[in-house]
> 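Pasting a structure below so you can have a look.
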Amino acid sequence: MLQPKKQKYRKQFRGQMPGLSRRGAEVNFGEYGLKALGRGWLSARQIEAARKAISRHAHRGGKVWIRVFPDKPITKKALGTRMGSGKGDIHEYVSVVTPGRILFEIAGVTSEVAAVAFRRAAAKLPFKVKLVAR
């Protein structure tokens with residue numbers, strides 16, 4: 001699974017997610033892209049599940065680009081822990097996604113194969129997405 005090799009700080013604030021995606025909103029590498037219509041956190045597990053769904057349907061043909069990286073650490077306290085006593089340990093890493101962000105791109109496959117592959121990947125994601133062409 002994806003996670004940062006090094007970080008300046010181990011833990012981060014939760015932050016806010018206003019507005020639309022300014023960067024990474026266009027298909028730059030492949031022919032077809034999967035664009036987010038909702039906003040939220042995309043975990044490393046969800047990214048990996050969607051990547052597997054895309055590459056398996058394409059029968060490892062074509063090339064797949066992952067345009068998001070989970071660089072935000074999310075903390076959780078152990079079950080049954082009382083309130084207080086500081087922030088919890090890192091549980092997972094997520095990528096912050098705002099509407100308009102391209103999540104995945106694919107090239108070297110037909111539009112039908114790309115559509116079905118992205119539909120299977122969409123089932124693994126926590127928000128609505130749509131297929132966009134270059």
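The first residue of the sequence shown is numbered 1, and numbering continues consecutively from there.
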> Of the options I47, V96, V94, which is the one that meets V68 in a side chain to side chain contact (heavy atoms under 4.5 Å, CB included)?
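The option that passes is I47.
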
> Test your reading of the model: is there a side-chain donor-acceptor pair from K72 to the backbone of F13, 3.5 Å cut-off?
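Here the side-chain-to-backbone pair exists.
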
> Looking at A121, is its backbone amide N or carbonyl O close enough to the side chain of K52 to form a donor-acceptor pair, meaning the two atoms are under 3.5 Å apart?
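The answer is no, because no donor-acceptor pair under 3.5 Å joins these two groups.
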
> Applying the 4.5 Å side-chain criterion to the ILVMFWY set and letting contacts propagate, would F104 and V109 be lumped into a single cluster?
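Cluster IDs for F104 and V109 match.
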
> Counting only heavy atoms not in K11, do more than 12 sit closer than 6.0 Å to its NZ atom?
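Yes - once you tally the heavy atoms of other residues, nucleotides and ligands closer than 6.0 Å, there are more than 12.
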
> Taking atom CZ of R45 as the centre, report whether more than 12 heavy atoms of other residues, nucleotides or ligands fall under 6.0 Å from it.
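Counting neighbours around CZ of R45, 12 or fewer heavy atoms of other residues, nucleotides or ligands fall under 6.0 Å, so no.
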
> Could you list the residues that satisfy salt bridge (Lys or Arg N to Asp or Glu O under 4.0 Å) with E26, not counting sequence neighbours?
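Expected list: none.
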
> Can any side-chain N or O of S55 pair as donor or acceptor with the backbone N or O of R51 at less than 3.5 Å?
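It does hold such a pair.
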
> Checking one residue: V27. Which other hydrophobic residues are in its cluster under the side-chain 4.5 Å linking rule?
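For the cluster that includes V27, the remaining residues are I102, V132.
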
> Just how far is it from atom CD of Q12 to atom OG1 of T75, taken to the nearest 0.5 Å?
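With rounding to 0.5 Å, CD (Q12) is 10.5 Å from OG1 (T75).
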
> Provide the closest heavy-atom pair for L42 versus F127 in the form atom of the first, atom of the second, distance.
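Closest approach of L42 to F127: CD1-CZ, 4.2 Å.
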
> Provide the closest heavy-atom pair for P18 versus T98 in the form atom of the first, atom of the second, distance.
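What the structure gives for the nearest pair is O-CG2, 4.3 Å.
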
> According to the salt bridge (Lys or Arg N to Asp or Glu O under 4.0 Å) rule, which pairs have a member within residues 119-134, sequence neighbours left out?
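Listed by first then second residue: nothing to list.
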
